[in-house]
Number of protein chains: 2
Amino acid sequence: MDKREQLVSVAQQLFYKQGITATGIDKILAQSGVSKRTLYNHFKSKDELIVAALQRRDKEFMTMLKTAVPRLLKQKYDGATHAGLWAYFDAIDEWINSDKFCGCMFINASAEFPRKSDPIHAICASHKMLVIQFIEQLLVPFQLADSHKVAVQMAILTDGAIVNAHTANQMDAAKLAKMSAQQLLHIYQQ
Amino acid sequence: MDKREQLVSVAQQLFYKQGITATGIDKILAQSGVSKRTLYNHFKSKDELIVAALQRRDKEFMTMLKTAVPRLLKQKYDGATHAGLWAYFDAIDEWINSDKFCGCMFINASAEFPRKSDPIHAICASHKMLVIQFIEQLLVPFQLADSHKVAVQMAILTDGAIVNAHTANQMDAAKLAKMSAQQLLHIYQQ
DNA sequence: CCAAAAGTACACAGATCTGTATACTAATAA
DNA sequence: TTATTAGTATACAGATCTGTGTACTTTTGG
């Protein structure tokens, strides 16, 4: 019933699966069953729709993390305090090996909109910052001297795993990234 | 004078800087000073030109690695046998912080052409395999039990650094990735 | 019930994109 | 020299894309 939500939801799916530039407005209208006039009443351009789709994906992804990590922490590690980070990599692994996986929407979007000044690119950057903050929380039990730096290192492992799975079909990339993380934190813990 | 080479060279630059779908044939023709008919005598479609541009970039990037790594190995590590991998991460760092950097062309291309069956996507995958092989050579001095697995872990760190630099403006990503690599190989060396 | 808000259908402007057709010109090689 | 090859200029077909204009219909709140 909420036409705006329908539009953004369908746009998000199509942009993610087929690329943003490659997805025309008409495809989104056809699949959502909304008229073109309604779209341009809610958004003044395609760019605004792209922004809304990315913001929706941002919320969706963070929600996924915030539910999957506690679930896996309980399932696989009996809720052990330090194991949040392992559960995080397990969650990434689950996602990468699910059929909905098509790379990271924000990495993909910044590939299509490479100019740093582009608002679309800026949204991608701030999403990545949010993920780094999320990781930093999981690092608290390790009592690290510079937990932000380590969080960025974990983010690098994450993005590397995502890209290797998507581009090079390395579907075990998240498992390898998790191993790397465990070995790295073994050092930091000393 | 070699019109084909001019076309592929300009196409590579524009595809890399602006994205592939966003770059029209006409822009490539204008910048290379070649007529449209000549383009379609050499390539039967834009897709073929894309393939040629990616293959050219593949050669260029591998050549860059094969010259930068020995140079940095000598400059910074006095040619120490085991330091090839550190020189490799230094080379990635140099590239990331150069003004020509605009992410990894193959990561970007697979974002725009996500279907695994697409020949363009396949070229991206095989480029990543070449890089992994290159890394594996640098791991020889470490005499690892499973050097391929570690090479993939290094590739994950590399791609993560590239993506974090490009998408999240983390320009020190390669330095952090190098640190991770050094800590990881310290373990593997024991 | 009725007025305002929201949505639909559809035509179309104007730009852009890939690819082709045609007729002419420059270079090259036997 | 002359035939062939390679390239140019340019118009254009046909598709597609974003965005607007207009007239009609549905929904909804007071």
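Residue numbers begin at 1 in each chain, while the letters A, B, ... track the order of the sequences. Quick caveat: nothing in here was measured; it's all calculated off a predicted structure. We use all heavy atoms of the structure for the numbers below, so side chains are in, but hydrogens, waters and symmetry mates are not.
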Trainee: Which whole-number value in Å describes the distance from L29(A) CG to dC17(D) P?
Mentor: 11 Å

Trainee: Side-chain N or O of H42(A) less than 4.0 angstrom from OP1 or OP2 on dG7(C)?
Mentor: yes

Trainee: Measure CD/Q6(B) against C1'/dT8(D) and give the value in whole Å, please.
Mentor: 14 Å

Trainee: Would you name the heavy atoms of L72(A) and A87(A) that are closest together and state the gap between them?
Mentor: CD1-O, 3.8 Å

Trainee: If we only count heavy atoms from C-beta on, is the I20(B) to F113(B) side-chain gap below 4.5 Å?
Mentor: yes

Trainee: What is the distance from CG of D47(B) to P of dT18(C), rounded to the nearest Å?
Mentor: 10 Å

Trainee: Taking CG from D2(A) and P from dT26(D), how many angstroms apart are they, rounded to a whole number?
Mentor: 21 Å

Trainee: Given atom CD of E48(B) and atom C1' of dT18(C), what is their separation to the nearest angstrom?
Mentor: 14 Å

Trainee: Rounded to the nearest angstrom, tell me the gap between atom NZ in K27(B) and atom C1' in dT16(C).
Mentor: 10 Å

Trainee: Return yes if the base of dG19(C) and the side-chain atoms of K36(B) contain a donor-acceptor N/O pair under 3.5 Å, otherwise no.
Mentor: yes

Trainee: With a 4.0 Å cut-off on heavy atoms, is N41(B) in touch with a base, just the backbone sugar-phosphate, or nothing at all?
Mentor: nothing

Trainee: Nearest-Å distance, CZ (F43(A)) to P (dT20(D))?
Mentor: 15 Å

Trainee: So if I take every side-chain heavy atom of K46(B) and compare against dT18(C), dT8(C), dG19(D), which nucleotide ends up nearest?
Mentor: dT18(C)

Trainee: Check whether NZ of the Lys or CZ of the Arg R57(B) lies under 6.0 Å from the centre of the six-membered ring of Y16(B) and within 45 degrees of that ring's axis.
Mentor: yes

Trainee: Which nucleotide, dG19(C), dT8(D), dC17(D), lies nearest any side-chain atom of S35(B)?
Mentor: dT8(D)

Trainee: Among dT18(D), dT18(C), dT8(C), which nucleotide has an atom closest to any side-chain atom of Y40(B)?
Mentor: dT18(C)

Trainee: Look at the side chain of I25(B) and decide which nucleotide, out of dG7(D), dT18(C), dA21(C), has an atom nearest to it.
Mentor: dT18(C)

Trainee: Out of dT8(C), dG19(D), dA21(C), which has the shortest distance to the side chain of R37(A)?
Mentor: dT8(C)

Trainee: Given dC17(D), dT8(C), dT8(D), identify the nucleotide with an atom nearest to the side chain of T38(A).
Mentor: dT8(C)

Trainee: Would you call the rings of F134(B) and Y88(B) parallel, tilted or perpendicular if under 30° counts as parallel and over 60° as perpendicular?
Mentor: tilted

Trainee: Take the protein atom CD1 of I20(B) and the nucleotide atom P of dC17(C), then report the distance between them rounded to whole Å.
Mentor: 15 Å

Trainee: Could you tell me whether Y77(A) and H82(A) have their ring centroids closer than 6.0 angstrom?
Mentor: no

